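Right, one structure below, let's go through it.
These figures come from a predicted structure and were not determined experimentally.
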Amino acid sequence: MKIDRQMGILSVLLQKDTVTAPYLAEHFEVSRRTINRDIEDLCRAGIPIATRQGINGGISIMDKYKMDRTLLTEAELQDVLAGLRSLESVNETNRYGKLMEKLSAGSSDFMVGNQSVLIDLSSWYKDSLAPKIELIRNCIDECKEISFTYYSPRGSSIRYIEPYYLIFRWSSWYVWGWCKGREDFRLFKLNRMEDTRISGQVFEKRQTPLPDLSNERIFPGGIQVKILFEAECEWRLIEEFGRESFQKQADGKLCFEADYTDMENLLSWLFTFGDKAVLLEPPGIQAQILAIASNMQKKYAAHGTGGSDR
């Protein structure tokens, strides 16, 4: 767009002493005539731009104006570029890459390795997430409904929603929107969405409340657990729940206490520790664990008898 290009030209001029029209034309992929018109528009807008002919000539902003070359300090620019770089990691259109080029023009120190914060949001699912994020973002901008098949512990269902926010939280991407089937705002996890597409319907924006993203709202807890772990599990407990979540016992074992969300997630998580953990509380769950372990033993035994000798 014309205004985007002119803002880009202004950014370059604020951070470089002098540039040439051919340089700007190549940088913004337009003709020199277009650059000349853009310079004229910037002058009419009150930007004091000077042009000089000859070998050492070029386009620049007048010296007195250069006392305030940019609204961003170097540290602020680094923060902005770090945020854009993180978005670029889950984008397949190079939109953020082009914006980074505009903002970092003349700031080569940052681009060659002066970064102090590096963020990659792509995860293992970049190939499937990037198209969803791009589609949803476009539909948010254009007020278009999306449809998808959603998978949850209660089964799968086809949903039609009006999307309003893309959210990255708890190491995952979500979309917040008005669900037509539930007639309410809902939060959907992108990794559980399949066959995501534009439904073809255009909607008028509603008064949209911000989603409540507090841990208490999304992960309400309700199951008080006490588990005894072997000492070698310490690193996982610290990584997932923090040092305050357990107490070291005299024999070196770790007594873990927490408020867990639901039984299915608790049992799934507990089994990832194998025989390195013993659930002490709440009472009665031990029987479920023994039943699951017994069924697993039977299935593995049955599978083993049908195998071939090697």
Self-check item: Worked check of side-chain contact (heavy atoms from CB on, under 4.5 Å) between Glu230 and Lys253
Solution: CA-CA 5 Å; Glu230 298 293 334; Lys253 293 185 178 181; 3.6 Å; yes

Practice problem: Decide side-chain contact (heavy atoms from CB on, under 4.5 Å) for Phe256 and Val225; before the verdict, give the C-alpha distance in whole Å, the side-chain angles of both, and the deciding distance to 0.1 Å. | Solution: CA-CA 8 Å; Phe256 169 85; Val225 300; 4.1 Å; yes

Quiz item: Given Phe229 and Arg236, is the side-chain contact (heavy atoms from CB on, under 4.5 Å) satisfied, shown in steps?
Solution: CA-CA 11 Å; Phe229 287 95; Arg236 272 196 62 183; over 6 Å; no

Self-check item: Evaluation steps, side-chain contact (heavy atoms from CB on, under 4.5 Å), between Ile133 and Val175
Solution: CA-CA 9 Å; Ile133 291 173; Val175 58; over 6 Å; no

Practice problem: Decide side chain to side chain donor-acceptor pair (under 3.5 Å) for Thr34 and Arg32; before the verdict, give the C-alpha distance in whole Å, the side-chain angles of both, and the deciding distance to 0.1 Å. | Solution: CA-CA 5 Å; Thr34 298; Arg32 290 180 59 178; over 6 Å; no

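There is a side-chain donor-acceptor pair under 3.5 Å between Arg52 and Thr18. Side-chain contact, Ser199 with Arg197: no donor N or O sits under 3.5 Å from an acceptor N or O.
Note that CD of Glu257 and CD of Glu281 are 7.0 Å apart. Values are rounded to the nearest 0.5 Å. Here OH of Tyr164 is found 12.5 Å from SG of Cys139. Values are rounded to the nearest 0.5 Å. From Thr196, atom OG1 reaches atom CZ of Arg159 across 12.5 Å, with rounding to the nearest 0.5 Å. Rounding to the nearest 0.5 angstrom, the gap separating the SG atom in Cys143 from the CD atom in Glu162 is 9.0 Å. How far CD1 of Ile146 is from CD1 of Ile140: 8.0 Å, rounded to the nearest 0.5 Å. Atom-to-atom distance recorded for Leu13:CG and Ile61:CD1 is 5.0 Å, nearest 0.5 angstrom.
Between the side chain of Asp195 and the backbone N or O of Phe148, no donor-acceptor pair lies under 3.5 Å. A donor-acceptor contact shorter than 3.5 Å links the side chain of Trp176 to the backbone of Pro209. Judged purely by atom type and a 3.5 angstrom limit, Gln286 uses its side chain to pair as donor or acceptor with the backbone of Gly284.
Under a hydrophobic clustering in which Ile, Leu, Val, Met, Phe, Trp and Tyr are joined whenever their side-chain heavy atoms come within less than 4.5 Å, directly or via other members, Tyr151 and Trp173 fall into different clusters. Ile227 and Ile292 end up in the same hydrophobic cluster when Ile, Leu, Val, Met, Phe, Trp and Tyr side chains are linked at under 4.5 Å. Hydrophobic clustering (ILVMFWY, side-chain heavy atoms < 4.5 Å, transitive): Tyr23 and Ile35 are in one cluster. Placement of Leu135 and Leu129 within a single hydrophobic cluster is found when ILVMFWY residues are connected by side-chain heavy-atom separations under 4.5 Å, directly or transitively. Note on Met296: it does not cluster hydrophobically with Leu290, by side-chain heavy-atom contacts below 4.5 Å among ILVMFWY residues.
Counting only heavy atoms from C-beta outward, the side chains of Phe185 and Pro211 never approach each other to under 4.5 Å. Between Val19 and Ser60 there is no side-chain heavy-atom pair separated by less than 4.5 Å. Between Lys180 and Glu145 the shortest side-chain heavy-atom distance falls below 4.5 Å. For the pair Asp38/Phe28, no side-chain contact is recorded, criterion being any heavy-atom separation below 4.5 Å from C-beta on. For the pair Ile59/Thr20, no side-chain contact is recorded, criterion being any heavy-atom separation below 4.5 Å from C-beta on. Residues Ser245 and Arg243 have side chains not in contact (no heavy-atom distance under 4.5 Å, counting atoms from C-beta outward). Inter-residue side-chain proximity for Met193 and Ile136 is flagged as met; some heavy-atom pair is nearer than 4.5 Å. In this structure the side chain of Gln288 reaches within 4.5 angstrom of the side chain of Met263, judged on heavy atoms.
Other residues, nucleotides and ligands contribute more than 12 heavy atoms inside 6.0 Å of the CD atom of Glu142. The environment of CZ in Arg33 is sparse: at most 12 heavy-atom neighbours from other residues, nucleotides or ligands sit within 6.0 Å. Crowding of Glu240 atom CD: a count of heavy atoms from other residues, nucleotides or ligands under 6.0 Å exceeding 12. The local environment of CD in Gln249 is crowded, with over 12 non-hydrogen atoms from other residues, nucleotides or ligands closer than 6.0 Å. The environment of CZ in Arg192 is crowded: more than 12 heavy-atom neighbours from other residues, nucleotides or ligands sit within 6.0 Å. With a 6.0 Å radius and a threshold of 12 heavy atoms from other residues, nucleotides or ligands, Tyr160 has its OH atom at or below the threshold.
Of all heavy-atom pairs between Cys233 and Leu254, the closest is C-CD1, 4.3 Å. Between Lys144 and Pro163, the closest heavy-atom pair is O-CD, 3.4 Å. For the pair Thr149 and Ser156, the tightest heavy-atom approach, listed with the atom from each and the gap, is CG2-CB, 4.2 Å. Minimum interatomic distance between Cys179 and Ile161 (heavy atoms only, all atoms of both residues): CA-CG2, 3.9 Å.
Contacts of Arg186 classified as salt bridge (Lys or Arg N to Asp or Glu O under 4.0 Å), with partners at least two apart in sequence or in another chain: Asp184. Residues satisfying the side-chain contact (heavy atoms from CB on, under 4.5 Å) test with Ile289, not counting sequence neighbours, are Leu267, Leu270, Phe271, Leu279, Ile285.
Aromatic ring centres of Trp269 and Phe241 lie closer together than 6.0 Å.
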